[in-house]
Amino acid sequence: MQNDTAKITARGVQVYYGDTHAIKDVDVDIAANTVTAFIGPSGCGKSTFLRCINRMNDTIPVARVEGDIRIDGEDIYDKRVDPVQLRAKVGMVFQKPNPFPKSIYDNVAYGPRIHGLSKDKADLDGIVENALRRAALWDEAKDRLDAPGTGLSGGQQQRLCIARAVATSPEVLLMDEPCSALDPIATAQIEELIDELKQNYSVVIVTHSMQQAARVSQKTAFFHLGNLVEYGETSRIFTSPEDTRTESYISGRIG
Ligand SMILES: Nc1ncnc2c1ncn2[C@@H]1O[C@H](COP(=O)(O)OP(=O)(O)OP(=O)(O)O)[C@@H](O)[C@H]1O
Ligand SMILES: [Mg+2]
């Protein structure tokens, strides 16, 4: 699975939660300028593996990650790597919207501020506006930027979290079922955004929707019971899977 444009390489990755072996010896190369979908039945390890890529499992005391994960060849588990810096470069959007208890503006400005990405207030205003536009929230939010982010609807909160994640211009964007709280219109807007983001970034999206995986991704990885069973071109995975477990899942027999 080696390829020249791999942005992320994972080798021999294991994740344990106490005695539970949640990710079993996963090797994968994730390309730049590509949307990669992680699919598989509930509990198969999709979120766990996604969290390895920006060291979010570090925040779970019982979780233990082994193996080698590199971004642009750099070992992200090296002790010299600052996880906070890493997470600016590898942004994440969670299934459940989790805005900070701050204004809409401050939610989006948070990352650019802590990482010193703006020269002055006008510059920061521009970053915030651009991020909100990209997340398809600008029109609804522009007249209430000082209102609390938690006062938005669920779907708006999720778009706010997407704006917050893109505001630092991450190189990799990890999205864990980002549309599960969204209506079809907002979902379509987010799918458009994902398509646009791949011009510059690697996007990894966990989804339970096969239609969504087929629509947005170029590569698909199928996980089952902690194993990466099959990985390849999305069109191939959905039309001629090689493994019977993949075939059963995509045809709706397991899951
Ligand atoms: N914080 C945790 N502590 C202990 N076990 C966990 C924790 N998070 C996940 N697990 C276990 O690890 C395994 C993989 O879980 P994970 O959340 O990665 O699955 P998933 O594929 O994302 O599922 P879903 O589609 O339901 O979100 C499961 O057996 C789960 O119970
Ligand atoms: Mg999950």
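Counting starts at 1 for both ligands and their atoms, following the listed order.
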Chemist: Got an N/O contact under 3.5 Å between V62 and ligand 1?
Modeler: no
Chemist: Mind telling me whether F49 and F38 have parallel, tilted or perpendicular rings, with 30° and 60° as the class edges?
Modeler: tilted
Chemist: Within the 3.5 Å criterion, strictly below it, is a donor on E230 or T246 matched to an acceptor on the partner's side chain?
Modeler: yes
Chemist: Just to confirm my output: which protein heavy-atom neighbour is closest to atom 12 (O) of ligand 1, and how far is it?
Modeler: Y17 CE1, 3.2 Å
Chemist: For K142, is the NZ atom crowded, meaning more than 12 foreign heavy atoms sit under 6.0 Å from it?
Modeler: yes
Chemist: For atom 1 (N) of ligand 1, grab the closest protein heavy atom and report residue, atom and distance to one decimal in Å.
Modeler: I60 CG2, 3.7 Å
Chemist: If you look at every heavy atom in Y249 and G40, which pair is closest and at what distance?
Modeler: OH-O, 3.3 Å
Chemist: Regarding D29 and T9, do their side chains bring together a donor and an acceptor under 3.5 Å, going by distance alone?
Modeler: no
Chemist: For atom 22 (O) of ligand 1, what is the nearest protein heavy atom, given as residue, atom name and distance?
Modeler: S47 OG, 2.8 Å
Chemist: Considering non-hydrogen atoms of the protein only, which is the closest contact for atom 16 (P) of ligand 1, and what is the distance?
Modeler: T48 OG1, 3.5 Å
Chemist: For A22, take its heavy atoms, then give the atoms of ligand 1 lying under 4.0 Å from any of them.
Modeler: 12 (O), 13 (C)
Chemist: Does OH belonging to Y110 count more than 12 external heavy atoms closer than 6.0 Å?
Modeler: no
Chemist: Answer with yes or no whether G40 contacts ligand 1, where contact means a heavy atom under 4.0 Å from a ligand atom.
Modeler: no
Chemist: Establish, for the pair R245 and F223, whether the NZ or CZ atom is under 6.0 angstrom from the six-membered ring centre and no further than 45 degrees off its axis.
Modeler: no
Chemist: So which of K46, R51, E177 gets nearest to atom 21 (O) of ligand 1, if we judge by its closest heavy atom?
Modeler: K46
Chemist: Establish, from distance only, whether the side-chain atoms of Y77 and D68 form a donor-acceptor pair under 3.5 Å.
Modeler: no
Chemist: Determine whether the side chain, the backbone, both or neither of S42 has a heavy atom under 4.0 Å from any heavy atom of ligand 1.
Modeler: both
Chemist: Give the contacting part of H208 toward ligand 1: side chain, backbone, both or neither, where contact means a heavy-atom distance below 4.0 Å.
Modeler: side chain
Chemist: Is it the case that T207 and Q212 place a side-chain donor and acceptor less than 3.5 Å from each other?
Modeler: yes
Chemist: Has S47 got an N/O/S atom less than 2.8 Å from the Mg ion (ligand 2)?
Modeler: yes
Chemist: Is any heavy atom of the protein nearer than 4.0 Å to atom 31 (O) of ligand 1?
Modeler: no
Chemist: Write out the residue and atom name of the closest protein heavy atom to atom 13 (C) of ligand 1, then the distance separating them to 0.1 Å.
Modeler: G43 O, 3.7 Å
